[in-house]
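Right, one structure below, let's go through it.
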Amino acid sequence: FLTFEGDLKWDHMDLTYRVMNYSPDLDRAVIDDAFKRAFKVWSDVTPLTFTQIYSGEADIMIMFGSGEHGDGYPFDGKDGLLAHAFPPGRGIQGDAHFDDDEFWTLGTGLVVKTRHGNANGADCHFPFIFEGRSYSRCITEGRKDGLPWCATTPSYDHDKKYGFCPSELLYTDGGNSDGAPCVFPFVFDGSSYDSCTTDGRSDGYRWCATTTNFDQDKKYGFCPNRDTAVIGGNSQGDPCVFPFTFLGQSYSACTSQGRQDGKLWCATTSNYDTDKKWGFCPDKGYSIFLVAAHEFGHSLGLDHSSVREALMYPMYSYVQDFQLDPDDVQGIQYLYGRGSGPAPTAPVPAPTEESQPMPTEAGSTSTSEEETPEPTAEPIPVDPSWDACMEESFDAITEINGELHFFKDGKYWTHPSFWKSGIQGAFFTADTWPGLPAVIDAAFQDVLTKRVFFFASRQFWVFSGKSVLGPRGIEKLGIGKEVTRITGALQRGRGKVLLFSGESYWRLDVKVQRVDKGYPRATDDIFTGVPLDARNVFLSQDKYHFCQGKFYWRMTPRYQVDRVGYVKYDILQCP
Amino acid sequence: PLQSKPQAVVTFPGELVGAWSDLELAESYLLRFGYTTEVEAKTGSKHASLGKALRKMQKQLGLEETGELDASTLEAMRAPRCGVPDQPS
């Protein structure tokens, strides 16, 4: 990680921020929520707090702008530069600016939040079925007032759930009209307008009057972008007009005709050949949450990192289940210290479950559940008397297909993570995974491919169902000879798994089956407060578990130990 | 078989005609993000100073350090990104 020269940082922890204006691409509530989550990324791992204020000077002033927007560092139209921010300090220092020539989304395409209707502000669901036809955009069919609407479930015909889409006929943003809708036609500068206009403005934002005469009443608001608003081109924010004529042909959808870069565009009048008005059609856009979290890192004092997976790496890449990289955590904690998470203490005899205080589940990252293939064959229980609760410790513990597996001397037990159906087994490991030795050291299931990796001393096996690749030496993964065995594994998303041994860990790229450069690293660089030579390390329900003998330490994704207890009584729930 | 109608390529109003050459893009990128300075770019051999700046950028962004304007470097230069310079200027 890097900080700015002189370790520029805030001299107080309780920071304020203010959103000066909003992009018309997203509903205001969606933007506010994204910024709030972006600040929480940093407050979760430091003592910092962030409070939104709505007037006056905040520590971090946030604004959207295009091209030259007042600070001498102009943006550059669509794509390219997305945003920038200034290091901590007074005035413009600490502020964050976002390029409004970009198409701001949550990273996966257009977000159309509805208002009114009966869907409580839910987002549109595209495509949806209305009167037997499928629509992938807001429509005015079925209405006489011309207000665009959409269904918020796949079928309006079936569910009757709907809401109204952003439209200047429904409301305006900002200005001085408290959200009143546009009135068309309206008079401005002596001319009559029957749609939103950028006339009279240099910042390119579309506006309208909210009375019939702006010259007289001076009442106005900014027009929200419709779902078919174009980006860039020469009519930013105007909706596509379908059908439109281009080179004599009629087009009823966006097209890449006429371009070499394959980008989709449309005309914003019915005839491009005569009017030459156009813009790009909405694409996946850029996640305002991810870009804001990065820029707020600058606002707090972090400079760009050269770690590709770090949030502070300068280039944008969309990540679905975002998690701060250890590099980011080290950087921000170097400037502001750690959060106020509980300090680990040695376990005392376990009280009964009821009296144990539940740790605060401060938000957990959700992992996307993918359909997991059924295990190929039901294992046959060996001898019910081989009771897991009689074991003092286990060779390896890991979650496979959503169930915790406890391995010991050629046998294993399962314990579903989500429901309380109790321990199953013991089963013969060799029945389910033929070819494995009796004693294994560690195991993990790859989130993406569902393959299961097993480690025993310096060897590893990769199972897809019952078919196996291996054993092979762990030197093939790039792990040095000094490592005698792997003691645990933590899945990290994006095809990465941390492998632990002794007081160090490596980051394995599961796809190429090679550990990344720059490893091993010391476990307590990041995982402070857990036993350094843990015997079993595994991920369960989004939390990291480090076991030593009878005890385990549980750590949140924000690297705070939030529980210490007994493997047998708390995880296995033995009596 | 019939030849399909040749693809018309249109210059859309408001778009740069004939965007930058690769070299122009590189020089602008390296200057903007702090990998070189105006003075460095102007003094000495252009090729050497470009190579040095490229190598600095490739190292910072985790690219293969070739000192050359290769495809992955150009791709990186065209990628959407944050406007804060990478090197303190």
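These figures come from a predicted structure and were not determined experimentally. Proteins get letters first, then strands, A, B, ... in listed order; numbering begins at 1 in each. Heavy atoms only: backbone and side chains are in, while hydrogens, waters and symmetry mates are out.
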Flag if over 12 foreign heavy atoms under 6.0 Å of NZ, Lys52(B): no
Is there any residue in residues 68-75 of chain A with a non-hydrogen atom under 4.5 Å from a non-hydrogen atom of chain B, and which ones are they? Pro74(A)
Looking only at non-hydrogen atoms, find the nearest pair between Gly83(B) and Leu81(A) and report the distance. CA-CD2, 3.7 Å
Restricting to non-hydrogen atoms, name the atom on Thr11(B) and the atom on Tyr272(A) that form the minimum distance, rounded to 0.1 Å. O-OH, 4.4 Å
Check Asn234(A) against Pro13(B) and note the closest heavy-atom contact, atom names and distance. ND2-CG, 3.5 Å
Bottom line for Phe246(A): the part with an atom under 4.5 Å from chain B's heavy atoms is side chain
Write out, in numerical order, the residues from residues 73-82 of chain B with a heavy atom short of 4.5 Å from a heavy atom in chain A. Ala76(B), Ala79(B), Pro80(B), Arg81(B), Cys82(B)
I want to check something: taking the side chain as every heavy atom from C-beta on, are Gln87(B) and His304(A) in contact at a cut-off of under 4.5 Å? no
Of all of His298(A), Lys276(A), Glu295(A), which one pairs up most often with chain B through heavy atoms under 4.5 Å apart? His298(A)
Within the supplied structure, the quantity of interest is the number of heavy atoms (other residues, nucleotides, ligands) at a distance under 6.0 Å from Tyr318(A) OH; does it exceed 12? yes
Heavy-atom pairs under 4.5 Å with chain B are the metric here; pick the option from Tyr316(A), Tyr286(A), Trp278(A) that has the most. Trp278(A)
Is chain B contacted by the side chain of Glu102(A), its backbone, both, or neither, given a heavy-atom distance below 4.5 Å? neither
Residues of residues 307-315 of chain A with any heavy atom under 4.5 Å of a heavy atom in chain B: Arg308(A), Tyr313(A), Pro314(A), Met315(A)
Looking at the rings of Phe12(B) and Phe280(A), which for Trp means the six-membered one, are their centres under 6.0 Å apart? no
Can you tell me which portion of Ser317(A) sits under 4.5 Å from chain B's heavy atoms? Options are side chain, backbone, both or neither. neither
Counterpart residues, ring pair (Phe, Tyr, Trp, His ring centres under 6.0 Å), relative to Phe296(A) (two or more places apart): Phe35(A), Phe39(A)
The reported gap from OG in Ser306(A) to CD in Gln58(B) (rounded to nearest 0.5 angstrom) is 14.0 Å
